Amino acid sequence: MLNLSQYALIAGLMLVVLAVICYITALMLGRSVRSAPVMAHAGAIAEVGGVATALAPPPVASGQRRSMAMYGTYFSRLSWVFLTACLVLRTISTGHGPFTNQYEFAVSFAWGMIAAYVYFEHRYHVRTIALLILPIAAGMLLYALTVGATANPLVPALQNNLLLTIHVAVAIVAYGAFSVSFAAAALYLTQPETGRQGWPKPALLDEMGYRAVIIGFPLLTMTVVLGAVWAKIAWGSYRAGTRRIRPRCSPGSPTAPTCTPGWPAAGSDVVPPGYSRPARFRAAHVLRQPLLWRVA
Amino acid sequence: MSQDTRTRPAEPSARGSLDGLDGLDGPDGGPSVAVADVLDRLWRFFISMRTGLWLILALGLLSLAGTLLVQVPAGMGSDAATRASWIASIHSKYGGWTPVLDRLGFFAVFSSILFKSIMVLLTTSVLACSVNRTPRLWKLALHPRTRMGETFFTHAPLRASVLVPASPDETNDYVRGVLRFHRFRTISDPEDQGMNLYADRFRWGPFGTVIAHLSFVIILLGFFLSATNGFKNTQVIVPVGSTVQVGNGTGLSVKAMSFNDAYYPDGSPSDYASDLILYKNGVQVQRQTVRVNHPMNRDGVSFYQSFFGEAAAMKVTDSAGKTLYNDAAALQWQSDDGKHSIGKFALPGKGLTVYVIAVASGQVDLNIKAGQMQLEVDQAGQNAPLGTQVVDQGKPTTIAGLTYTFERTRQFTGLIVARDPGVPFVWVGSTLLVLGLILVVFFPHRRVWVRIRRTSGGSEVLCASTMKRDLAFTPQFHQLMRDIELAGAPSSTTQEVRHNEIGQNDA
């Protein structure tokens, strides 16, 4: 099952790369990779069967360009399907949501980005953002391949299947939405106010970025709240940000117990547990105390 | 805080006249005008969005500092000497900046006066904004303005008009039908017998801002309740077989029956489990295996698995054979060189502190062999210890007149015990925060004003809408116009459809 999941990942990565190649080719063939309805802003438009097409006789490259862009769309959608399969297979195999180590999180993050891209592309017909989003997603998938697909069992802090799944899944969708807003904002900021020929219009990018943010923002809020719920259940505090502190007590101090050692809260940092490093349950031997230690 | 900047209650001219009044000029009521002016300014300060933004920015910066910089552990701030030694210990990390950061209070950000003051100001601002905003939102939802002036229909950001070959009364029915079909509420202007219509959708959406604002106050209230009525002890050490009082007026005590730490073949931990029995006033009330994600809860007090370690079971008797101590001392500290684990217990009646010193795991000390502990007995007020001796397991040894027996090592489980009465408030507040956000962003108040005029061929329907940041409404508005046109008469011809192109991008 894990092998199948890995094959799906490789297929997904190849499709993402293919999609990027298609989009770049389309960009080279013409200056626009925007899909038909919004592409024709320069010329007059005729409504033909509900789809607007440019009246001016299209150059030969236009047809190729469009088909390349279409292939890009197909490939990106297909890559999303394969990544979904990869994550589902892995979840079935490991018995928990695919969010517990660098490999799983990288694949999930890429999945979220591609999902958000596919949705916004479908809704706004703006493909240019793919040139920013898909290479990042491809990079994450490549990274996942380098860290290896070993499925490690869960450390105690992560043994909460419900919250692990909801908390991280919501975060993934939020991050995906934000990657779209990032791409839209980047394209918006790199062109003049009046827009640039062949690029999506600033107003459209503005709207798309705004949409992505207002979808992402409540989701990210939910992520934070769910994280607090989880931290409260696991550690009794709203955040797992307690750092490892090694306080020293003054010699002979009667306040040794108040020299609170840095061991509570399972030593995970602000980074969600399990991503940057596994949250470790710390044994007692943390505090270093210069006691009246008079052994020669 | 408020999204709407039209929140200032006083008209500029009225304010000007107030400002122009010198309190000393008018013998009657002069001072009261000054007071009113100050209050007015204060009110305007608190309801200003700018105030809110600055406060949030300040709070964000402070929180960032508190997150990035090491913070003084809870409970240490009260003891100056301990605190000083703690500050010295972080000197290697922050170098010359340490005293500066300490002076600025950056090692205790969240308990600093500055942080608390900003919180209070922000709460006041949030409440003021809510108080200021709610009545207007209420009016907007229940008693909206149903008629707009003529210029509105020619200048609104979103506007259109269609001609329909029907009488104004018939057209009025069509238009209302179409609006209702699009799930708009319609209100006819009472003075004009249906020639002016107001329609809106999601009129409760703007209340999301009030809910989100109040949720902040509810969350803060939760924290306040927890801080004032709750307690949190992160250092509850219960050696296996021992019973420890929870204290804090709970009447609870907890006994550890066992502690188990398990590992995967790769060495990473798989489970930490404490089998705990809970007593209330000496009577067993609960027994549960507490794990990292499975705390035990009783009477609002929660027990969380937090750490573990070794303890040395010790027995101390005096010369008469009376037992002075019979418990386990947790070897919870480590010597500076990392070679020894150290525990301690007190014999209060004797003014003695006993340190139990073991070789740390993986270390070697030729003086303390396996199965041995070193004991060091300190008398309060004396620099030199009364005695230092290595003792064998199970072998009574006399130091300074008392007999000490190291019985065996036991595991201890470390718990966080907390009573957090504010938790429900925090969760309710958090839920409201998310709900409020969703209301605001996904249910924007959409308002349309309609005017129907008689023309030679029938009626002219003018529609206009104020559109703030609701780009998704533009296509719906145009669909509305098309539907009105179709409903009016299938054979009607559109004379003119004026579209403002704001937000219209696809040509």
Side-chain angles (χ1 to χ4, degrees), chain A residues 37-38 40-41 45 52 152-153 155-157 159-160 201 203-204 207 210 214 217-218 221-222 225 228-229 232-236 238 241 243 245-250 253 255-266 270 278 281-295, chain B residues 67 70 73-76 79 81-82 85-86 88-89 232 234-235 264 266 268-272 291-293 295 302 304 306-309 330-336 338 341-342 344 355 360 367 374 376 378 385 388 414 416 418 423 426-427 430 433-434 437-438 441 469 471 503 505-507:
Chain A
V38 272
H41 60 87
I45 305 164
N152 293 318
V155 295
Q159 289 169 8
N160 190 329
K201 277 189 179 174
L204 181 63
E207 182 188 338
Y210 176 74
I214 67 166
F217 194 68
T221 311
M222 236 147 94
V225 171
V229 170
K232 192 77 191 161
I233 291 172
W235 299 302
Y238 293 109
R243 290 166 174 272
I245 308 158
R246 301 189 168 198
R248 289 154 190 268
C249 298
S250 50
S253 156
T255 54
T258 63
C259 304
T260 319
W263 50 23
V270 222
F281 187 85
R282 292 180 67 73
H285 313 296
V286 175
L287 184 80
R288 297 147 58 85
Q289 190 194 23
L291 282 168
L292 288 173
W293 177 238
R294 298 189 189 89
V295 176
Chain B
T67 309
V70 177
M76 192 188 271
D79 185 73
T82 319
S85 74
W86 182 83
S89 75
K232 183 170 188 177
T234 59
Q235 300 298 309
Y264 296 113
D266 69 354
S268 62
S270 65
D271 192 23
Y272 300 107
R291 293 190 157 86
V292 178
N293 269 296
S302 302
Y304 304 92
S306 182
F307 55 98
F308 70 97
L331 303 169
Q332 52 179 313
W333 292 290
Q334 197 167 55
S335 60
D336 249 359
S341 304
I342 299 159
K344 71 166 190 174
Y355 291 97
N367 295 316
Q374 175 166 319
E376 183 182 294
D378 282 15
T388 301
I416 295 173
V423 169
V426 174
W427 297 148
S430 303
L433 178 65
V434 175
L437 274 176
I438 288 175
V441 298
R469 182 79 219 212
L471 298 164
N505 309 290
D506 28 16

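Quick caveat: nothing in here was measured; it's all calculated off a predicted structure. Letters A, B, ... mirror the listed sequences (proteins, then strands); counts begin at 1.
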Seminar exercise, completed: Correct closest heavy-atom pair for N293(B) and P156(A) would be ND2-O, 3.1 Å

For this session: For residues P295(B) and I233(A), determine if any side-chain heavy atom of one lies less than 4.5 Å from a side-chain heavy atom of the other.
Result: yes

Problem set entry | Which atoms of V426(B) approach chain A - backbone, side chain, both or neither, heavy atom under 4.5 Å | side chain

For this session: Write down the atom of V441(B), the atom of P218(A), and the distance for their closest heavy-atom approach.
Result: CG2-CG, 3.9 Å

Exercise. CD/Q159(A) to CG/D271(B) distance, rounded to the nearest 0.5 angstrom?
Worked result: 6.0 Å

